[in-house]
Amino acid sequence: MRKILVTGGAGYIGSHTVRALLDRGCDVAVADNLSKGYRENVPAGRLHELDINDGAALSELMRQAQFDAVVHFAGYIAVGESMREPGRYFENNVGGSLSLLSAMSEAGIRRIVFSSTAAVYGNPAATPIEEDFPIQPLSPYGESKVIVERMLRWFDEIHGIASVSLRYFNASGADPEGRLGELHDPETHLIPLVLRAAITGEPITIFGNDYDTPDGTCIRDYIHVNDLAQAHILALEYLMAGGATEQFNVGTGAGYSVMDIIRAVEQVTGKKVPYVIGPRRPGDPAALVAASEKLRQTLRWKPEYRDPVTIVEHAWNFARRRGHGR
Ligand code: UFG
């Protein structure tokens, strides 16, 4: 049985991945300071409430158990906030990752899967985006992930820590049974906000409808959180089999517009979604769609959920379970 340490395992993508790891028979420990995550997302007895910036606490945890690998989610994720408070992003995302890597090399843990982002590509010249496109982040958030990817290369070369960086596109949906789901505070992500508009009748603002896209609204690659979790399992297996340091996009390769998502929510909920058109949000590229052949071919990854209606259905199940659907 593999022993896996998951940082940020109380958060949205982390908690879904912890479930998937447990389903595979792994022994999982979660390190999370609960600044963004939720205690109830972590199965009983698995949570170690600690900050990954606390190197001594991490080292102690790594002494207690011989981990085979680390899956590293812990980090801040809001692009807009990072434009106002860059220091927090470098401190938490870069500093926390450095503290984790130092503890790992001291403890002799030689494998890590890292949560990176499509934001490393900035405003790409073309879509679909391939992994060797220029790295040109437009925000401190994206930059913080680029810096960690670069650190990972050196920790491999010097300390022999092999890594897989997964560059997520738009994580979405929820565990189909509705036990886990997306819950951010404040919420900035499209699908939970559109669901909220359907429920409350308060209009959502569409950030621009004058983009060079078929309906004028931005196009994104919405990847179901369970398919994202599966990519982590495959990345771990790849590293356990001796795979070398790599970076992969995680997206379906299909793009949907903001209006497509609004229509999907109307179909699933049977409610009209009120919306207003606002100005463009600074830093929003018109279209972000992944080329995912590298992940499909190297790790044999295949997304199970491709239809935005199914993704929205699962997000809706979660919202309803939490009592927001009445
Ligand atoms: N949008 C609106 N109104 C809103 C919220 C969002 O129109 O109230 C639009 C955005 O302009 C964008 C789309 O919905 O076109 C998706 O926006 P999200 O905020 O849900 O997601 P982003 O594409 O901005 O960012 C997400 C993650 C980032 C990651 C990026 C990579 O939050 O961490 O995907 O694709 F870097």
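Counting starts at 1 for both ligands and their atoms, in listed order. The first residue in the sequence is number 1, and the count goes up from there. Keep in mind it's a predicted model, so treat the numbers as computed, not measured. Excluded from the calculations below are hydrogen atoms, water molecules and symmetry mates; all remaining heavy atoms, backbone and side chain alike, are included.
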For [atom], what is the nearest protein heavy atom, given as residue, atom name and distance?
| atom | answer |
| --- | --- |
| atom 19 (O) of ligand 1 | Arg281 NH2, 3.0 Å |
| atom 35 (O) of ligand 1 | Asn170 OD1, 2.9 Å |
| atom 11 (O) of ligand 1 | Asp284 OD2, 2.5 Å |
| atom 9 (C) of ligand 1 | Val258 CG2, 3.8 Å |

Return the orientation label for the [X] and [Y] ring planes: parallel under 30°, perpendicular over 60°, tilted otherwise.
| X | Y | value |
| --- | --- | --- |
| His232 | Phe73 | tilted |
| His16 | Tyr12 | perpendicular |
| Tyr305 | His314 | perpendicular |

Within a distance under 4.0 Å of any heavy atom of [X], pick out the atoms of ligand 1 and give their elements.
| X | answer |
| --- | --- |
| Cys218 | 15 (O) |
| Ala119 | 36 (F) |
| Tyr222 | 13 (C), 16 (C) |
| Tyr141 | 33 (O), 36 (F) |
| Ala118 | 31 (C), 35 (O) |
| Ile206 | 7 (O) |
| Leu288 | 35 (O) |
| Thr188 | 5 (C), 19 (O) |

*Are Thr252 and Asp221 linked by a side-chain donor-acceptor pair shorter than 3.5 Å?*
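Yes, a side-chain donor-acceptor pair sits under 3.5 Å.
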*Calculate, to the nearest 0.5 Å, the distance between atoms OG and CD1 belonging to Ser172 and Ile261 respectively.*
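The CD1 atom of Ile261 is 7.0 Å from OG of Ser172, to the nearest 0.5 Å.
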*asked:* If you apply the rule salt bridge (charged side-chain N to carboxylate O under 4.0 Å, His left out), what do you find for Lys3 with Asp68, and how did you get there?
replied: CA-CA 5 Å; Lys3 262 183 123 51; Asp68 295 297; over 6 Å; no
What do you reckon, does [X] have a nitrogen or oxygen under 3.5 Å from a nitrogen or oxygen of ligand 1?
| X | answer |
| --- | --- |
| Phe207 | yes |
| Thr117 | no |
| Thr205 | yes |
| His189 | yes |
| Leu190 | yes |

*List the steps and the verdict of salt bridge (charged side-chain N to carboxylate O under 4.0 Å, His left out) for Arg220 and Asp284.*
CA-CA 10 Å; Arg220 293 291 181 269; Asp284 264 352; 3.6 Å; yes
*Pick out which of Glu149, Glu246, Glu131 makes a salt bridge (charged side-chain N to carboxylate O under 4.0 Å, His left out) with Arg167.*
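So, applying the salt bridge (charged side-chain N to carboxylate O under 4.0 Å, His left out) to Arg167 and each of Glu149, Glu246, Glu131, only Glu149 qualifies.
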*Lys/Arg N to Asp/Glu carboxylate O, Glu81 vs Arg88, below 4.0 Å*: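 Looking at Glu81 and Arg88, the cut-off is met.
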*Flag the pair Glu266 and Lys271 as a salt bridge only when some basic side-chain nitrogen lies within less than 4.0 angstrom of an acidic carboxylate oxygen.*
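Result for this pair is no, no salt bridge flagged.
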*Give a yes or no answer on whether the side chain of Asp175 reaches the backbone of Arg179 with a donor-acceptor pair at less than 3.5 Å.*
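Flag set: sc Asp175 to bb Arg179 pair under 3.5 Å.
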*asked:* Does the residue Tyr121 have a heavy-atom contact with ligand 1, meaning some pair of atoms that are separated by less than 4.0 Å?
replied: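 No, that is not the case, since the closest heavy atom of the residue is not under 4.0 Å from the ligand.
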